[in-house]
Amino acid sequence: KTMGSMTGAGPAIADNNMAKRAAAYIENRVAEEAEGPVTLDELSRHCGISPWHLQRQFKRALGVSPRQYDDALRMQRLKHSLKRGDGVAAATFEAGFGSSSRVYERAMTALGMTPASYAKGGKGAEIFYAVSPCRLGRLLVAATERGLCRVELGANDNALIEDLRDEFPEARAIGRDDAALGRYVE
């Protein structure tokens, strides 16, 4: 017997390896294609396990569902395209969203502002943030009155805050408000 099978770690390691394989597949597909999210059936065929088992293992290993992971990667592509100066329509297509209406539906929860405002460096936005310790270092959570606009892990509070200011150079105000964001960083 291997050490993993004797300690009971074997299945956990196999689950993590499967989740890594599934995450890599999603990452590659999002990077190479702009035709919508990976389906659970497609991903389960790739990994060779049932959709239900895949969903459960993926969420246990990464903390989010495959669909949530795919959506987050597409939103990162959207943000990158907007910052690069692409228009909202072009950025929407490049990120793999079917229409700009789908992007606007998600913008408030993923950007905390409209895509056009995000593209302009958060022009006019009032952003508040909190920083807290977590198992992986320091966690910064930032929001506008419309929703979360940034969640980032790092080692240093000052670097996290500087990155926030760099992402939103045109914001009207950026200030710390631990009380308002406490529920996100506890």
Side-chain angles (χ1 to χ4, degrees), residues 11-123 134 136-137 139-143 146-155 159-160 163-164 166-170:
I13 291 170
D15 288 354
N16 285 340
N17 288 338
M18 184 284 312
K20 285 179 187 176
R21 227 172 87 219
Y25 181 82
I26 294 169
E27 291 163 7
N28 289 334
R29 184 141 172 310
V30 167
E32 294 172 4
E33 300 176 22
E35 60 181 53
V38 176
T39 67
L40 194 55
D41 285 338
E42 174 187 352
L43 195 55
S44 69
R45 281 192 304 275
H46 173 77
C47 293
I49 62 172
S50 75
W52 180 84
H53 195 62
L54 171 68
Q55 174 92 356
R56 201 177 89 210
Q57 287 182 6
F58 194 96
K59 185 147 186 160
R60 185 182 315 136
L62 276 76
V64 295
S65 71
R67 178 61 183 257
Q68 290 168 320
Y69 188 68
D70 185 282
D71 286 347
L73 292 174
R74 288 181 191 287
M75 196 53 69
Q76 282 178 346
R77 281 186 67 139
L78 176 78
K79 288 169 113 178
H80 177 74
S81 293
L82 291 169
K83 286 290 186 182
R84 191 174 57 217
D86 296 349
V88 174
T92 297
F93 176 74
E94 184 175 320
F97 292 102
S99 67
S100 57
S101 65
R102 284 187 41 96
V103 170
Y104 277 93
E105 288 170 8
R106 295 177 184 195
M108 293 312 145
T109 57
L111 300 176
M113 59 193 73
T114 66
S117 179
Y118 182 85
K120 294 174 185 168
K123 187 169 184 149
C134 71
L136 302 175
L139 172 68
L140 175 136
V141 175
R146 295 180 172 195
L148 293 177
C149 62
R150 185 176 182 90
V151 176
E152 184 179 11
L153 291 169
L160 288 167
D163 288 348
L164 173 66
D166 288 347
E167 185 171 4
F168 301 106
E170 298 300 320

Q: Can you measure from CE (Met18) to OG (Ser44) and round to the nearest 0.5 angstrom?
A: 10.5 Å
(Q) Exactly one of Arg74, Glu27, Lys59 should register a side chain to side chain contact (heavy atoms under 4.5 Å, CB included) with Tyr69. Which one does? (A) Glu27
List the atom of [X], the atom of [Y], and the distance in Å for their closest heavy-atom pair.
| X | Y | value |
| --- | --- | --- |
| Pro66 | Leu43 | CB-CD2, 3.7 Å |
| Ala95 | Leu78 | CB-N, 3.7 Å |
| Ser65 | Gln55 | CB-NE2, 3.6 Å |
| Pro115 | Leu82 | O-CD1, 3.7 Å |
| Gly48 | Arg21 | N-NH2, 4.4 Å |
| Gly122 | Met113 | CA-SD, 3.7 Å |

Within the 4.5 Å heavy-atom criterion, are [X] and [Y] side-chain neighbours or not?
| X | Y | answer |
| --- | --- | --- |
| Met75 | Leu111 | yes |
| Leu40 | Arg67 | no |
| Gln76 | Val30 | no |
| Arg146 | Thr114 | yes |
| Arg29 | Glu42 | yes |

**Q.** Residue pair Ile49, Gln57: steps toward the side-chain contact (heavy atoms from CB on, under 4.5 Å) verdict
**A.** CA-CA 10 Å; Ile49 62 172; Gln57 287 182 6; 3.9 Å; yes
(Q) With a 4.0 Å cut-off on N to O distance, would you call Asp41 and Arg45 a salt bridge? (A) no
